[in-house]
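Numbers here are sequence positions counted from 1.
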Amino acid sequence: MGGLTEVMDRVLAAQKLTIAACGTSWHSGLVGEYLFEQLAKMPVEVEYASEFRYRDPLIGKEDVLLAISQSGETADTLAAMREAREKGALILGVCNVVGSTIARETDAGVFTHAGPEIGVASTKAFTAQVVVLTMMALAVAQRKGTVSEERFRQIVEELWRLPEKIQSILDQNDHIKAISERFTYAPNFLYLGRSINFPVALEGALKLKEISYIHAEGYPAAEMKHGPIALIDQLMPVVVIAATDHTNEKMISNIEEVRARKGRVIAIASEGNEEVKRLAEFVIEIPETDDVLTPLLSVIPLQLMSYHI
Ligand code: M6R
């Protein structure tokens, strides 16, 4: 796929970026939406690839479609790409499998090189996709001048620190397992996140459904009061992702609302988030990082919880 260099001028001139994907790859696309909008100031739409082609989508020569796929063979994602190509859009890809159909049919893009899929529940594919999307957004942002050199360097240096930080979460495996064991009885789970961690809430819920066969819903935390709050009682585990600074106060009031209904709060909290740690019944700490990179850390305990449950 060769990276973005060859097509960068077309990307810079694009009116909008449409991301099309399915499942976990769609969730990484939602994280990508925040990254491209925040860093590269590019309008982004994230589409379920399976719906895209049935909508007679408004996409044309001035636009870019970015397909995300681990396997590179997902039929709906391929169909979305072909639809966009017919309408003249530039087709980019983020794909794991070299030589796959999606990789071959893109104009340009980046391989995730996450290694072969071992189990069907996508874990390393998600984190690798988000890292690649961060790097793509940064590359576009740098060319557009929408991030300063200092901010660019800050994020890149923080990316380099992530393996060590992820390791420190993996080192808490016994703690995460002990929490998970408390909740094997639960027939339903609610996952709440805000901002760039809202897609992580969706991903946590998907992982639990897929490998534990437990019903789970992911929600933007503020939407809880528009319906799902009716489900919360002392049997309902609510996983709250409290990882970004600018949404922290709001998350604290969400936790208070859950507690007021006797819901059982499991918080994924940044170290040093004392208020959340005080309020939640169970806490899994993740190291501090740049706000835009928090999904790469907050998703790890959710993957482990699904595995242990
Ligand atoms: O290979 P793809 O990324 O295109 O697959 C898309 C989805 O089927 C996939 O992400 C699925 O949701 C995961 N296996 C869930 O863990």
Side-chain angles (χ1 to χ4, degrees), residues 24 27 30-31 121-123 126-127 130 166 169-170 172-244 247-248 250-271 273 275-287 294-309:
T24 292
H27 296 154
L30 289 176
V31 176
S122 183
T123 49
F126 176 81
T127 44
V130 172
I166 291 174
I169 303 172
L170 296 174
Q172 296 182 63
N173 184 45
D174 289 347
H175 171 60
I176 297 170
K177 187 175 177 198
I179 294 175
S180 306
E181 279 167 358
R182 307 281 292 259
F183 290 101
T184 47
Y185 72 85
N188 300 292
F189 268 72
L190 194 58
Y191 286 73
L192 302 176
R194 280 178 180 267
S195 170
I196 199 164
N197 281 291
F198 157 54
V200 177
L202 297 179
E203 176 58 10
L206 177 65
K207 244 18 15 133
L208 191 70
K209 285 182 257 207
E210 191 179 26
I211 60 172
S212 298
Y213 310 143
I214 292 175
H215 169 248
E217 300 247 21
Y219 260 91
E223 284 294 307
M224 178 181 71
K225 62 176 170 291
H226 301 291
I229 198 159
L231 295 171
I232 298 174
D233 62 16
Q234 66 278 12
L235 294 178
M236 174 67 111
V238 182
V239 181
V240 172
I241 304 156
T244 54
T247 58
N248 202 43
K250 300 267 185 190
M251 284 310 274
I252 288 170
S253 64
N254 292 133
I255 294 173
E256 283 167 339
E257 283 159 5
V258 173
R259 286 200 44 180
R261 280 158 186 81
K262 305 205 170 8
R264 312 201 59 192
V265 176
I266 306 162
I268 313 301
S270 300
E271 284 167 8
N273 197 339
E275 186 62 3
V276 167
K277 288 199 269 181
R278 191 178 64 75
L279 286 172
E281 189 178 354
F282 299 94
V283 178
I284 302 168
E285 286 186 76
I286 58 172
T294 50
L296 290 160
L297 298 183
S298 60
V299 77
I300 308 290
L302 304 187
Q303 295 171 341
L304 279 171
M305 268 180 60
S306 302
Y307 169 70
H308 289 305
I309 289 176

| Closest non-hydrogen atom pair between Pro295 and Val200, with its separation | CB-CG2, 3.5 Å
| Given Arg261 and Ile229, is the side chain to side chain contact (heavy atoms under 4.5 Å, CB included) satisfied, shown in steps? | CA-CA 8 Å; Arg261 280 158 186 81; Ile229 198 159; 3.4 Å; yes
| request: Find the distance between CZ (Arg259) and CD1 (Ile255) and round it off to the nearest 0.5 Å. | output: 9.0 Å
| query | With a cut-off of 6.0 Å (strictly less than), are more than 12 heavy atoms of other residues, nucleotides or ligands near NZ of Lys225? | reply | yes
| request: Look up atom CD1 in Ile286 and atom OG in Ser298, then write down how far apart they are to the nearest 0.5 Å. | output: 5.0 Å
| Within-4.5 Å side-chain heavy-atom neighbours: Val239 and Met305 | yes
| request: Answer yes or no: are there more than 12 heavy-atom neighbours, outside Tyr307 itself, under 6.0 Å from its atom OH? | output: no
| said: Return the CD to CG distance between Glu257 and Leu192, rounded to the nearest 0.5 Å. | reply: 9.5 Å
| request: Using a 4.5 Å cut-off on heavy atoms from C-beta on, say whether the side chain of Met236 contacts that of Arg264. | output: no
Can you give the donor-acceptor pairs under 3.5 Å from side chains of residues 179-186 to other protein atoms, not counting sequence neighbours?
unit_1: Ser180; atom_1: OG; unit_2: Ile176; atom_2: O; d: 2.7
unit_1: Thr184; atom_1: OG1; unit_2: Glu181; atom_2: O; d: 3.4
unit_1: Tyr185; atom_1: OH; unit_2: Leu235; atom_2: O; d: 3.4

| request: Output yes when Glu285 and Lys277 qualify as a salt bridge under the 4.0 Å nitrogen-oxygen rule, no when they do not. | output: yes
| said: Are Tyr191 and Val238 packed together at the side-chain level, in the sense that at least one heavy-atom pair is separated by less than 4.5 angstrom? | reply: no
| message | Assess the residue pair Thr24 and Glu203 against the criterion (side chain to side chain donor-acceptor pair (under 3.5 Å)); give the C-alpha distance rounded to whole Å, side-chain angles, the decisive distance to 0.1 Å, and a yes or no. | response | CA-CA 6 Å; Thr24 292; Glu203 176 58 10; 3.0 Å; yes
| said: Using 0.5 Å steps for rounding, measure from the CD1 atom of Ile284 to the CD1 atom of Ile300. | reply: 12.0 Å
| Close side-chain approach of Val240 and Ile268, heavy atoms under 4.5 Å | no
If you look only at distance, which donor and acceptor atoms sit under 3.5 Å apart when one is on a side chain in residues 209-224 and the other is two or more places apart or in another chain?
unit_1: Lys209; atom_1: NZ; unit_2: Ala216; atom_2: O; d: 3.2
unit_1: Ser212; atom_1: OG; unit_2: Ser306; atom_2: O; d: 3.0
unit_1: His215; atom_1: ND1; unit_2: Asn188; atom_2: OD1; d: 2.8

| Can a salt bridge be assigned to the pair Glu275 and Arg278 using a cut-off of 4.0 Å between side-chain N and carboxylate O? | yes
| request: Kindly say whether Gln303 contributes a backbone atom to a donor-acceptor pair with the side chain of His308 at under 3.5 angstrom? | output: no
| Does the side chain of Lys207 come within less than 4.5 Å of Leu302's, by heavy atoms? | no
| query | Is any side-chain heavy atom of Leu190 less than 4.5 Å from a side-chain heavy atom of Leu231? | reply | no
| Is there a side-chain contact between Leu170 and Leu304, using heavy atoms and a 4.5 Å cut-off? | yes
| task | For residues Phe126 and Val31, determine if any side-chain heavy atom of one lies less than 4.5 Å from a side-chain heavy atom of the other. | result | yes
| said: Distance check, rounded to the nearest 0.5 Å: Thr294 atom OG1 versus Ile241 atom CD1? | reply: 9.0 Å
